[in-house]
Amino acid sequence: MKHVVIVESPAKAKTINKYLGGNYEVLASYGHVRDLPAKDGSVRPDDNFAMSWEVDSKAAKRLSDIAAAMKGADRLILATDPDREGEAISWHVLEVLRQKRVMKDIPVERVVFNAITKQSVTAAMANPRQIDAPLVDAYLARRALDYLVGFTLSPVLWRKLPGARSAGRVQSVALRLVCDRESEIEAFRKREYWSIAVNLETPRHDRFVARVVGADGKKLGRLDIPDEVSARAIHANLEGATYRVASVEAKPTKRNPWAPFTTSTLQQEASRKLGFAAARTMQIAQRLYEGVEIGGETVGLITYMRTDGVQMAPEAISAVRATIARSFGDRYLHQAPRLYQTKAKNAQEAHEAIRPTDPNRAPDEVARYLDGDQAKLYELIWKRTIASQMASADIERTTAEILATRGSAEVQLRATGQVVKFDGFLTLYSEGRDDEEDEDGGRLPPLAADDPLKGHEIATEQHFTEPPPRYTEATLIKKMEELGIGRPSTYTATLSVLRDRGYVRLDKKRLIPEDKGRLVTAFLQSFFERYVEYDFTADLEEKLDRISAGELSWQDVLREFWRDFSAQVEGTRELRVSEVLDKLNDLLGPHIFPDRGDGSDPRVCPLCGNGKLSLKLGKFGAFVGCSNYPECRYTRQLAVAGEGDEPGKEALDGNRVLGADPETGLEISVRVGRFGPYLQLGEAVGDEKPKRSNIPRGFDAATIGLEDALRLLSLPREVGLHPESGKPITAGLGRYGPFVLHDGTFANLESVEDVFTVGLNRAVTLIAEKKEGGGRRNQPLLMKALGDHPAEGGPITIRAGKFGPYVNHGKINATLPRGADPEKVTMAEAVDLIAKKAEFGPGKKPARAAPRKAAAAKTKPPVKAKAGARKAGAKPAMAPRKDATAAKKAPARRKTSAAEV
C-alpha cells in the first residue's frame with residue numbers, strides 16, 4: 001500500500017520519512033500554498049463573504065508534485081502543524097487536489113503531533129481524525145477580516161494621509177500601544193524626591209542599612225520628602241540621635257516556580273536573558289522542533305513552539321519528575337505533580353507548553369550537536385521545564401523597625417532583608433526582569449526588640465521620578481497577550497510589519513514610534529477610534545475563538561463587523577484634508593509643538609515671528625510649515641530630537657547659529673528641513689541659493705560645532721590632479737556615503753573622516769581598482785565588518801547599497817529591515833537574515849504571486865474588477881493595474897499572513 005503524507009517543511013519531511021518506512025511518501029508543502037490575491041474583490045461581502053484564492057507561483061510546482069504522488073496512492077495523510085494555521089494549510093492542499101481531480105475515492109486523514117519523535121509520530125498515525133471544520137472556519141474569518149480591514153482602510157490612509165502605508169486589524173492596535181506609551185513619556189513631568197539611609201551597627205558590631213520611613217509620627221512614602229530643605233531637617237535630627245530596635249518581624253514565605261514556556265513567555269525570557277529578538281527566538285525554536293542529528297538519527301528536541309498553553313502531558317510530567325529525583329534528589333521534588341493553567345486573556349490553544357521532548361537530554365549532553373544560539377535556547381527551555389515541577393523555595397522575610405530620637409524629635413526607619421532557607425527550584429532557574437527595581441534582598445544580622453544601635457554614615461540623596469519605560473519587543477508581546485490582542489503565531493509577524501512599514505524603530509532594544517506611525521495612530525484614533533480600541537480587538541479575538549469551538553458562524557461574525565465598519569469608512573469619504581490636519585494638530589500637539597519652557601507659544605513660527613506653525617501634508621508625507629507660506633518658507637520635520645531620542649531631550653526647533661565663516665563673514669547655522677537637519681552658509685540672495693550640507697551619520701545636529709560645520713561645508717574637496725589624465729580627483733559626501741570622484745568614476749570611502757584625510761595616492765588606487773573591477777559605478781560602501789560566519793565561514797559585512805544598507809555573505813545579499821541601525825546589527829541578526837535569504841537561493845527573491853495572466857483567469861473580468869475598485873474608493877482608471885502590481889510584489893504568505901495585511 002502507498003500512503004502520501006503532507007507536512008510543512010522539507011526538514012520535517014525527511015525526518016518523518018525515516019520514522020514511517022517504505023510504504024510512506026512524505027512531501028512538504030513549504031507552508032501556505034494559497035492566499036487571497038492582493039487586489040480588490042478577493043473577499044466579497046455581498047456574496048456571503050466568498051473568497052477567491054490564488055496559488056502561489058512557487059507552490060504550484062509543489063502541488064503538482066503532490067498531485068503526481070497521489071496517482072496510485074491508497075491514502076492521503078495531512079500532517080501539517082497542530083494549530084489553526086496548520087489546519088488551514090491541510091484544507092488548502094486538499095481543496096487544490098480536489099480541483100485537480102486526483103482524489104477520487106482516496107480516503108483522507110488528518111494527524112497531529114506535538115513533537116517530532118518516532119513515538120509521537122507513530123502514535124499520531126494510529127489516531128487519525130478528519131479536518132477540523134470549525135478551526136478552518138476560524139482561519140477563514142481571520143483571513144477575511146484582515147483582508148477587509150487592510151484593503152478598505154489602507155486606501156483611506158493613502159488619500160487622507162500621504163506617506164502612510166497601511167493599516168491592519170492587529171497591527172494598528174499594537175502600534176497604538178507603542179504610540180500611547182510615547183505620549184505618556186512626553187506628558188511625564190519629573191518630580192524631585194529625596195531618600196535618607198543610615199548605616200547602623202549592632203552591639204555585636206554587625207552593620208546594616210535602614211531607610212527613613214517616618215518623622216515625628218508621620219508616615220513618609222517614597223516621594224514624601226520633596227526637597228532638600230525637608231531632607232536636611234530630617235538629616236539634622238539623625239545626627240547624634242539615639243537608635244534602638246523598636247520591633248522585629250520574621251515571616252516565612254514560599255516562592256513557587258514559573259509555568260513552562262508559552263510562545264509569549266519564551267520570547268520574553270529569551271529577550272531578557274539571551275538578547276534574542278522575537279523573530280530570532282522563533283527561528284531557533286523552529287530548528288529545535290524540527291530536529292537535529294543525534295547518534296545517526298534526526299530527533300526533535302522540543303515540542304511545538306506556537307502555543308499559549310502551559311500544561312504538559314501526564315507522561316511528560318512523569319519524565320520530568322523522574323529527572324528531578326535522579327539529578328537533584330527527592331527533597332527538590334514537589335510532593336505532587338504541578339498542574340498549571342494559563343492566565344492570558346482569551347487563551348485558546350489546545351497544545352502543550354514548550355518543553356523538551358525528552359527531559360533526560362540534558363543541555364550539556366546535546367550542546368555538541370547544536371550551534372551556540374541553539375544550545376542557549378534549549379538550555380533555557382530545559383531549565384524552565386524541569387524547574388516547573390520542582391519544590392518551592394522557602395524564604396524568610398525579616399522587617400526591623402528602628403526608632404531614632406534626638407530630644408523631642410523622632411525619626412522612624414525600616415530595614416528589610418530576606419534569607420533563602422531552602423532554594424528549591426531556585427537552585428536551577430530564576431526568571432529575569434524587564435525593568436529592574438531596587439529591592440532589599442540582603443540578609444539582616446540578628447536583631448531583637450530594644451537592641452541599642454550605633455549610627456554611622458547618613459546618606460541623603462536627591463532623586464527624580466522617571467517616565468514609564470518604552471516597550472521592548474518582549475514587553476510589547478507581554479502586553480498584547482495580557483490584553484488578548486493577537487495570537488502566538490502572529491506576535492513576531494506583527495512586530496516585523498511595524499518595522500518594515502517604517503512605523504517604529506528599535507533603539508537600544510526599545511521600540512520608538514516614528515512620526516509616520518504616530519500620524520497613522522492619531523488618524524485612526526480620530527476617525528476609526530472603535531477599531532483601535534484594546535477591548536474591541538480583544539472581544540473580536542474572543543469571537544474568533546468561539547468560531548474555533550463551533551459556537552458561532554464565521555459569516556455571521558463577519559457580517560456584524562462589516563456592517564459597522566463599511567459605514568464608518570463611507571463616512572470618511574467626504575472628509576476634507578483640512579479637517580484631518582486640525583484633528584492631528586490637536587491630538588499630536590505635545591509631540592509636534594513641544595513646550596519651549598519659556599512660556600511662549602510653541603506654535604509661533606521661529607523664522608517670521610508672526611506666522612502659526614501647523615502640520616502640512618506633502619508628496620512625501622507630513623511636515624511642519626508656517627501659515628505665512630509662501631512669504632515665509634519655514635519648514636521642519638514633525639519632531640527632531642538629539643542622538644538617541646532620549647525622553648525629555650530638547651528637540652532641535654528652528655535655526656541654531658554656530659558662528660561666522662572666517663572667509664566670507666556669512667553666518668553658519670544648523671537648520672531643520674522636511675528631510676532632517678542640515679547646515680547652511682548665509683541666506684538666499686535673489687535666485688541664488690545658499691550653500692548647504694547634510695549632517696551625516698556620526699554628527700549630532702544638536703551639538704555640532706563651528707569647526708565641524710566648516711569642514712562639511714568645504715566639501716567637495718579637491719584631492720589633487722590625476723597623474724595620467726591631469727583631471728581633478730575630488731572627495732565628497734553623496735547619497736550613499738563618502739566617495740572619491742574622477743572623470744565620472746566614483747569609488748567609495750570607508751568613513752566620513754576619509755573624505756577629509758584621503759591622499760592622492762590612495763585616491764588614484766581606489767579609482768584604478770574601481771575601473772578594473774567594472775560592474776556598478778558605485779562599489780557598495782563597507783559600513784561594518786561583523787567577522788566570519790559561525791557555521792559556514794567567510795566574512796559577513798554590512799554595506800550601503802543603492803536601496804539601503806544590507807548584509808553580505810559571499811553571493812548572498814539580505815536587505816536590513818526598515819529602520820534598523822547598521823551600526824547596531826549583531827552577528828546573530830545578520831546570520832538570521834542571511835539564512836532567510838538563502839532559502840530562496842543567492843540573488844533570488846521570495847516567491848511572488850501568480851503571473852497577471854494566470855491570476856486574471858481565476859478572477860472577474862477586467863471591467864467588473866475596475867468597478868469593484870471604484871466602489872472601494874480607489875482611483876478608477878489605474879486601480880486594477882496598481883492592484884495587480886501589488887499582487888506581484890507581495891511575498892507568498894506563510895504562517896504570518898494574518899498580521900501582514
Side-chain angles (χ1 to χ4, degrees), residues 3 5-28 77-83 86 90 109-129 260-263 266 282-307 309-324 326 349-371 374-375 377-386 388-389:
H3 310 289
V5 182
I6 307 300
V7 296
E8 289 186 44
S9 78
K12 191 191 300 185
K14 183 179 178 181
T15 302
I16 293 173
N17 214 45
K18 294 178 181 178
Y19 294 158
L20 297 179
N23 292 334
Y24 292 83
E25 183 176 0
V26 187
L27 300 172
I77 302 172
L78 300 167
T80 49
D81 287 345
D83 60 2
S90 286
E109 295 177 351
R110 171 82 169 109
V111 300
V112 293
F113 36 83
N114 197 41
I116 303 178
T117 62
K118 189 169 186 177
Q119 180 181 352
S120 297
V121 172
T122 53
M125 292 294 175
N127 294 279
R129 61 170 172 82
F261 281 129
T262 63
T263 300
L266 176 62
M282 296 310 292
Q283 183 193 44
I284 298 170
Q286 178 86 32
R287 292 172 183 169
L288 295 176
Y289 165 67
E290 291 182 347
V292 297
E293 287 282 341
I294 296 179
E297 181 181 1
T298 303
V299 179
L301 293 180
I302 64 170
T303 54
Y304 191 58
M305 64 285 162
R306 291 186 180 92
T307 175
V310 292
Q311 66 275 14
M312 293 196 300
E315 61 271 19
I317 293 177
S318 298
V320 168
R321 290 175 63 81
T323 299
I324 296 169
R326 184 175 60 255
E349 303 288 354
H351 316 136
E352 283 188 78
I354 303 169
R355 62 169 176 83
T357 55
D358 183 355
N360 291 316
R361 292 194 187 98
D364 56 346
E365 295 175 7
V366 299
R368 64 180 181 272
Y369 303 108
L370 307 174
D371 65 32
Q374 290 172 346
L377 192 66
Y378 179 77
E379 181 180 23
L380 195 66
I381 294 169
W382 186 87
K383 285 185 174 181
R384 176 90 165 211
T385 303
I386 300 298
S388 71
Q389 291 297 322

Applying side chain to side chain contact (heavy atoms under 4.5 Å, CB included), name anything that partners Asn17, two or more places apart in sequence or on another chain. Val26
Which distance, rounded to the nearest 0.5 Å, do you find between the OH of Tyr378 and the CG of Leu370? 8.5 Å
Shortest non-hydrogen pair, Ala79 vs Val7, comes out as O-CG1, 3.7 Å
Under 3.5 Å, which donor-acceptor pairs do the side chains of residues 284-292 form with other protein atoms, sequence neighbours left out?
residue : atom : partner : partner atom : Å
Gln286  : NE2  : Glu290  : OE2          : 2.8
Glu290  : OE2  : Ser9    : OG           : 2.8

The criterion is ring pair (Phe, Tyr, Trp, His ring centres under 6.0 Å); which residues satisfy it with Phe113, sequence neighbours excluded? none
Sequence neighbours excluded, which residues qualify as salt bridge (charged side-chain N to carboxylate O under 4.0 Å, His left out) partners of Lys18? Glu293
Just by modelled atom types, is the Ala353 backbone N or O under 3.5 Å from a matching donor or acceptor in the Thr307 side chain? no
Go through the structure and list residues passing salt bridge (charged side-chain N to carboxylate O under 4.0 Å, His left out) with Arg129, not counting sequence neighbours. Glu87
Separation between CD1 of Ile302 and CG of Asp358, rounded to the nearest 0.5 Å: 14.0 Å
Is the backbone of Gly86 close enough, under 3.5 Å, to the side chain of Glu8 for a donor and an acceptor to pair up by distance? no
Could you work out, with side chain to side chain contact (heavy atoms under 4.5 Å, CB included) as the rule, every residue matching Glu379, not counting sequence neighbours? Pro363, Lys383
On a heavy-atom basis, the closest approach of Ala124 and Val111 is O-CG1, 3.5 Å
Glu25: side-chain hydrogen bond (donor to acceptor under 3.5 Å, both in side chains) partners, not counting sequence neighbours: none
Who passes side chain to side chain contact (heavy atoms under 4.5 Å, CB included) against Thr323, sequence neighbours left out? Arg326, Ser327, Pro359, Asn360, Trp382, Ile386
Non-hydrogen atoms of Tyr24 and Ile77 that approach each other most closely: CE2-CD1, 3.9 Å
Who are the side-chain hydrogen bond (donor to acceptor under 3.5 Å, both in side chains) partners of Glu365, not counting sequence neighbours? none
Between Ile354 and Leu266 the two heavy atoms that sit nearest each other are CD1-CD2, 3.8 Å
How long is the straight-line distance from CG of Asn114 back to CE of Met305, given to the nearest 0.5 Å? 10.5 Å
Non-neighbouring partners of Phe261 that pass ring pair (Phe, Tyr, Trp, His ring centres under 6.0 Å), sequence neighbours left out: none
Looking only at heavy atoms, the pair that brings Thr357 and Gly300 closest together is OG1-O, 2.7 Å
Flag if over 12 foreign heavy atoms under 6.0 Å of CD, Glu297: yes
Distance check, rounded to the nearest 0.5 Å: Ser388 atom OG versus Ile317 atom CD1? 8.0 Å
Could you check whether any side-chain N or O of Thr298 sits under 3.5 Å from a backbone N or O of Thr15, counting only pairs where one atom can act as donor and the other as acceptor? no
Taking side chain to side chain contact (heavy atoms under 4.5 Å, CB included) as the test, write out the residues that go with Ser90, two or more places apart. Leu78, Thr80, Arg110, Ile131
Side-chain touch Leu301/Ile294, heavy atoms, less than 4.5 angstrom: yes
Just jot down the side-chain hydrogen bond (donor to acceptor under 3.5 Å, both in side chains) partners of Arg355, sequence neighbours excluded, or say none. Glu352
Indicate the atoms forming the closest heavy-atom contact of Leu20 with Met125, along with that distance. CD1-CE, 3.6 Å
